[in-house]
> 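My structure is below; once you've seen it, I'll send some questions.
What you see below is based on every heavy atom in this structure, not just the backbone, and it leaves out hydrogens, waters and symmetry mates.
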Amino acid sequence: MTACAIEPAAANEQNGEKSENGGNGDGGSSRTERAITEDGDTPRTERVITEDGERPQTGYAITEDGERPRTDYAITQNGDRPRAEYAIPQDGRTPRAACVITVDSSYAARLARDGDSWFPERWTLDGPEPYAVPLPGNQPEEPGTEVQPMGDGRVLIRRFADGRHVFALLYPTGPRTGELPLGAVECPDEGTVLRLLPPAPGGEKAYALAVGPRSSAVWLVAGGAFGPEHLAQVPGRCSGGVWLDRAGRMLALDRETDGRTKAVVVDLERGGEVSPLLQIADGSDDRLLLADPDSGLLLISSDAPSPGRPRLGWGVLGSTLPVRFPECLRVPDCTLTPFAIQPGQVLVPEGCGVALRVDGAMGSWVGVWRPAARQVQHLPAPEGWLVGTGLWTEAGELLLPYATADTPCGVARWAAAPGNGALAGEAEGPGGTGRTGATGVGDAGPEGSVGSEGGGGQVAGAPEPDPPGPPEPVVARPVPLQQAPLGAPLGNLVTK
């Protein structure tokens with residue numbers, strides 16, 4: 001695997017209107033003639049027809065990029081759908097969100113659509129009202145192109161051309177789009193898939209994960225000194241990608257080795273040193289879906305409580321308590337995917353709000369849950385919701401970006417009502433117009449015992465740094481499963 005660095009150049013002021021013949025700007029035709037998804041395959045848009053001529057009852061929502069979510073229901077050996085487990089696609093990835101938001105929630109970026117053409121679009125979310133800035137290039141983008149907002153308002157774009165992954169930073173320059181080339185990464189091994197990792201804390205750097213047949217590589221693709229930099233080589237096929245700290249040092253990946261998937265931690269400041277993170281059972285597949293560095297709350301997927309059927313669970317980074325698998329996170333005939341955690345809840349992970357994407361036969365909507373609650377509150381998604389996208393404020397307000405013909409850039413706000421924690425809200429967009437939203441079904445209440453079905457496992461702490469250097473937060477060392485106290489009261493959660 002090689003990197004091709006490009007010297008930083010002045011802003012590309014030549015990006016004018018799109019070419020009439022869809023060319024690549026140099027008079028030639030576009031290098032790709034079919035849409036490419038993140039994993040390099042063409043989007044699967046066909047429908048499966050049953051023997052009686054009807055569609056299966058596991059309907060799916062269509063995202064803005066034209067793909068269906070990659071969380072199709074798993075089918076058991078007897079042909080039935082599992083009752084409520086968390087479905088994991090074959091590539092181990094959770095559904096791709098319709099847009100990406102920076103860690104500090106200042107900016108978002110997505111591929112927007114104008115007829116049959118795709119172009120990057122940046123959203124500004126930290127002002128008095130949200131607004132969008134289109135960033136079209138000199139030709140339409142492919143649907144599989146990835147974009148990611150940076151902390152300074154520029155947008156990172158990853159394009160695939162001539163067998164290389166090419167990176168650049170986009171920014172508005174009056175009526176046109178400025179483009180700063182960053183370089184390219186070439187993956188010579190056949191079958192290697194490269195994709196951007198979630199936005200890193202700080203917003204100054206961006207990373208990518210290249211997954212090969214036998215190992216995976218972590219690349220710094222923006223924010224480096226000389227173009228893309230190879231940071232770490234991790235044995236095994238990795239997926240996922242969750243940041244565990246505010247410094248952008250500890251990266252959690254789901255690593256598949258010997259037929260089993262376990263979440264591990266990669267220390268990017270110690271040469272890619274790898275250490276275990278989740279060890280729930282020897283024969284289980286344990287994945288990390290979401291983490292909050294403030295409280296240490298972890299949302300995981302594991303088939304430990306029901307082999308072969310992944311379920312949602314929660315734990316606390318560095319805690320001596322086992323992972324719990326609440327029964328309320330088993331919603332019949334639905335797939336639940338956590339996409340946002342309420343920040344700033346230091347030492348009270350059980351009080352963090354968790355936003356869930358719910359995919360069912362009727363489409364996609366929003367679920368809200370807290371570890372201290374015994375049920376999930378279901379909210380109707382705003383019209384035009386950028387599915388799987390949202391963020392929490394420290395005050396407990398859930399923000400859901402949406403785009404419609406009348407409101408091309410809007411944010412629906414769901415605020416927690418005093419007393420019962422239920423959410424109610426309104427949607428706002430440019431101009432300050434709003435509309436009232438409906439409250440969800442069910443209120444959150446305290447749960448007498450955490451995880452009615454219990455659970456078990458080991459949530460390892462991130463590796464401690466070397467003694468020299470500035471002091472950093474140290475997380476408690478893991479406690480093996482057989483030594484973890486089962487059924488301990490919620491108030492005894494150990495966090496540091």
Side-chain angles (χ1 to χ4, degrees), residues 1-16 18-19 22-42 65 96 100 109-112 117-122 134-150 154-173 176-200 204-212 216-231 241:
M1 189 176 302
T2 58
C4 177
I6 297 178
E7 291 293 333
N12 179 9
E13 301 290 351
Q14 305 301 321
N15 292 342
K18 302 171 187 175
S19 59
N24 57 11
D26 57 3
S29 59
S30 176
R31 299 183 186 276
T32 54
E33 298 179 355
R34 58 191 179 95
I36 303 297
T37 60
E38 283 189 13
D39 54 10
D41 296 332
T42 55
D65 59 4
R96 185 175 64 178
V100 182
R110 66 168 184 147
L111 272 188
S117 301
W118 298 87
F119 62 92
E121 186 177 74
R122 187 198 70 190
L135 296 172
N138 55 12
Q139 69 173 20
E141 304 292 346
E142 298 289 346
T145 300
E146 287 185 291
V147 293
Q148 186 174 117
M150 304 296 291
R154 293 183 293 181
V155 173
L156 174 69
I157 187 168
R158 177 192 68 84
R159 302 182 177 104
F160 185 75
D162 292 339
R164 301 188 307 163
H165 300 270
V166 183
F167 300 91
L169 289 174
L170 308 179
Y171 54 92
T173 57
R176 299 182 178 180
T177 300
E179 182 168 328
L180 178 64
L182 297 178
V185 173
E186 185 177 359
C187 303
D189 294 335
E190 185 177 357
T192 298
V193 177
L194 186 144
R195 61 180 179 83
L196 293 176
L197 287 168
E204 298 177 354
K205 299 180 178 180
Y207 300 83
L209 180 68
V211 183
S216 304
V218 179
W219 288 82
L220 173 65
V221 296
F226 305 103
E229 300 177 17
H230 181 270
L231 299 181

> State, yes or no, whether a side-chain contact exists between R122 and P172 at a heavy-atom distance under 4.5 Å.
yes

> For G183 versus P228, what's the shortest heavy-atom pair and its separation?
CA-CD, 4.0 Å

> List the steps, then state whether side chain to side chain contact (heavy atoms under 4.5 Å, CB included) holds for M150 with E204.
CA-CA 6 Å; M150 304 296 291; E204 298 177 354; 5.9 Å; no

> Is there a side-chain contact between V100 and V147 (heavy atoms, below 4.5 Å)?
no

> What I'd like to find out is whether the side chain of L111 reaches to under 4.5 Å of the side chain of E121, using heavy atoms alone.
no

> Which heavy atom in P198 sits nearest to a heavy atom in G241, and how many Å separate them?
CG-O, 3.1 Å

> To the nearest 0.5 angstrom, please state how far the CH2 atom of W118 sits from the CD atom of E142.
11.0 Å

> Measure the spacing between OH of Y207 and CD of E229 and express it to the nearest 0.5 Å.
9.0 Å

> What I'd like to find out is whether the side chain of R154 reaches to under 4.5 Å of the side chain of L170, using heavy atoms alone.
no

> Quick check: does any side chain N or O of Q148 sit under 3.5 Å from a backbone N or O of L197, one acting as donor and the other as acceptor?
yes

> Take V211 and T192 through the test side chain to side chain contact (heavy atoms under 4.5 Å, CB included) and record every step on the way to the result.
CA-CA 5 Å; V211 183; T192 298; 5.8 Å; no

> Are I157 and T145 side-chain neighbours, meaning at least one heavy-atom pair lies under 4.5 Å?
yes

> For a side chain to side chain contact (heavy atoms under 4.5 Å, CB included) check, start with the C-alpha distance between N138 and T177, then their side-chain angles and the critical distance, and finish with the verdict.
CA-CA 9 Å; N138 55 12; T177 300; over 6 Å; no

> Within a strict 4.5 Å, meaning less than it, do heavy atoms of the V193 and L209 side chains meet?
no

> Inspect the contact between R195 and E146 and indicate whether a charged nitrogen and a carboxylate oxygen are less than 4.0 angstrom apart.
no

> Not counting sequence neighbours, which residues clear ring-ring contact (aromatic ring centres under 6.0 Å, His included) with F167? List them please.
none

> Decide yes or no for L194 and V185: does some side-chain heavy atom of the first lie under 4.5 Å from some side-chain heavy atom of the second?
yes

> How long is the gap from CG on L135 to CG on L169, to the nearest 0.5 Å?
11.0 Å

> Where is the tightest heavy-atom contact between A217 and H230, given as atom of each residue plus distance?
CB-NE2, 3.6 Å

> In terms of ring plane angle, is the pair H165 and F160 parallel, tilted or perpendicular, where the classes change at 30° and 60°?
tilted

> Do P140 and F119 have side chains that get closer than 4.5 Å, going by heavy atoms?
no

> On a heavy-atom basis, which atom in A184 and which in R164 lie closest, and how many Å separate them?
CB-NH1, 3.9 Å

